[in-house]
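Notes follow the structure.
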Amino acid sequence: MGRIFKVSRSANNMLEEAARLLVKSRFAIAFTGAGISAESGVPTFRGFNGLWKKHRPEELATPEAFEKDPHLVWSFYKWRMDLIRKAKPNPAHYALAELEGIGILKAVVTQNVDDLHREAGSRNVVELHGNIFRVRCTSCSYKENLKESGRLEAFLAERDLPKCPRCGSLLRPDVVWFGEPLPRKALEEAFKLAETADLVLVIGTSGVVYPAAYVPQIVKEHGGKVIEVNTERSGITPIADVFIRGRAGEVMEGLMEKVRVMLNGGGGFSDRLFRGRGWGD
Ligand code: OAD
Ligand code: ZN
């Protein structure tokens, strides 16, 4: 009993400290990975039940794999597209959108391709690894966002390999595969944000895939604070000023309650901005 109290009290202290750092920050950014979408039902890559436990990345997420067996690679990506299109943002995604709305968070830098940040209402989203709903031509410059063009359903139902409507070549997912460079503009933007930020909120990433994982390190090197939310320790934990162990959705809900109370001085702040639970309970 005593132990449970102690653990929860220390978790509470961590939340307090994280909320205090966030509220007094001048330029906070978030850095997210697959773990933030786990509670939305999107499988992570590593760890228990991770995607890379069931499939070998070199068979599915490399340019060589696509060259060798485009049918296999496309069936994997269509399966993920279908799964992700049914997924809904969870309280962690909403919390980040809310923090941006309040003016605390300036951007979300994400390794995720699932679009859930934007769906939750985040505006300034930097996607380092592409977007699963976008396809691009392997020959010409054709690109299409299937969600925006309204073709997603038909695309998923089609059994033949997808071809470019402009030149007839094979289409591929507009995501970054192993061994491929990251989109230059997004990477530059992410690094610039990291250099400017005085705080980074790192949520649900193993922090082992580079160059993305440089983002929190750059913030730290420039004197910024690192707050991490993860169910496990990660490659980022050694540089974290505050590590909050727990599920992203649950932790972020608790954190937002603290932030609201702090902004609010305990009551009276317009609750128009805020989604979800009230404060003070
Ligand atoms: P990983 O699958 O490597 O890591 C997911 C992290 O989320 C782990 O550290 C888990 O402990 C944590 N986690 C799981 N469930 C969680 C929850 N409910 N709340 C909080 N944390 C949770 O995913 P990423 O770090 O995003 O790249 O992987 C990085 C990149 O590797 C991906 O973008 C992808 C992959 O290969 C490409 O596709 C290029
Ligand atoms: Zn083309």
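Note that ligands are numbered from 1 as they come in the structure, with each ligand's atoms numbered from 1 the same way. This is a predicted model, so every value here is computed, not measured.
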Glu100 side-chain N/O to Asn124 backbone N/O, donor-acceptor pair under 3.5 Å: yes
* Asked: Within 45° of the six-membered ring axis of Trp74 and under 6.0 Å from that ring's centre, is NZ or CZ of Arg172 located there?
  -> no
Short question: side chain of Thr62, backbone of Ala65 - any donor-acceptor pair under 3.5 Å? yes
Residue, atom and distance of the protein heavy atom nearest atom 4 (O) of ligand 1 read Ser206 N, 3.4 Å
dist Asn230:CG -> Ile36:CD1 (nearest 0.5 Å) comes out at 11.0 Å
Heavy atoms of Glu127 and Asn112 approach each other most closely as CG-O, 4.5 Å
Taking Asp241 for its side chain and Ile227 for its backbone only, find out whether a donor-acceptor pair lies under 3.5 Å. no
Any Lys/Arg nitrogen of Asp115 or Arg85 sitting under 4.0 Å from an Asp/Glu carboxylate oxygen of the other? no
Check your understanding: Do any N/O atoms on Ala248 end up under 3.5 angstrom from N/O atoms on ligand 1?
Key -> yes
For atom 33 (O) of ligand 1, the closest protein heavy atom turns out to be His129 ND1, 2.7 Å
The reported gap from CD in Glu39 to CD in Glu250 (rounded to nearest 0.5 angstrom) is 5.5 Å
Note: Ala38, heavy atoms under 4.0 Å from ligand 1, region reported as side chain
For the Zn ion (ligand 2), angle spanned by Cys164 SG and Cys140 SG (nearest 10°) is 110°
min-distance protein heavy atom vs atom 25 (O) of ligand 1 -> Thr205 OG1, 2.6 Å
If you scan protein heavy atoms around atom 32 (C) of ligand 1, the nearest is Phe45 CE1, 3.5 Å
Closest to atom 38 (O) of ligand 1 among protein heavy atoms sits Val176 O, 3.8 Å
To atom 31 (O) of ligand 1, the nearest of Gln111, Arg46, Glu39 on a heavy-atom basis is Arg46
Polar side-chain atom of Lys78 near backbone of Glu158 as donor-acceptor pair, under 3.5 Å: yes
- Give a yes/no on ligand 1: does Gly246 have at least one heavy atom closer than 4.0 angstrom to it? yes
When rounded to the nearest 0.5 Å, the distance separating CG of Leu72 from OH of Tyr77 is 11.0 Å
- May I ask you to check whether Gly33 has an N/O atom sitting below 3.5 Å from an N/O atom of ligand 1? no
Using a strict threshold of under 4.0 Å (side-chain N to carboxylate O), is an ion pair present between Arg184 and Glu188?
yes
re atom 16 (C) of ligand 1, the protein heavy-atom contact at minimum distance is Gly35 O, 3.5 Å
Ligand 1 atoms nearer than 4.0 angstrom to some heavy atom of Glu232 are 11 (O)
Within the 4.0 Å heavy-atom cut-off, what Arg247 brings close to ligand 1 is both
Candidates Leu128, Asn230, Val251, Leu182; heavy atom nearest atom 11 (O) of ligand 1 found on Asn230
Looking only at protein heavy atoms, what sits closest to atom 23 (O) of ligand 1 is Ala34 CB, 3.4 Å
- Consider ligand 1: state whether an atom of it lies below 4.0 angstrom from any non-hydrogen atom of Trp177. no
In terms of heavy-atom contacts, Gly35 and Ala248 come closest through O-CB, 4.3 Å
In terms of its nearest heavy atom to atom 6 (C) of ligand 1, the top option of Gly207, Gly204, Gly249, Ser40 is Gly204
Atom 13 (N) of ligand 1 sits nearest the protein heavy atom Thr231 OG1, 3.4 Å
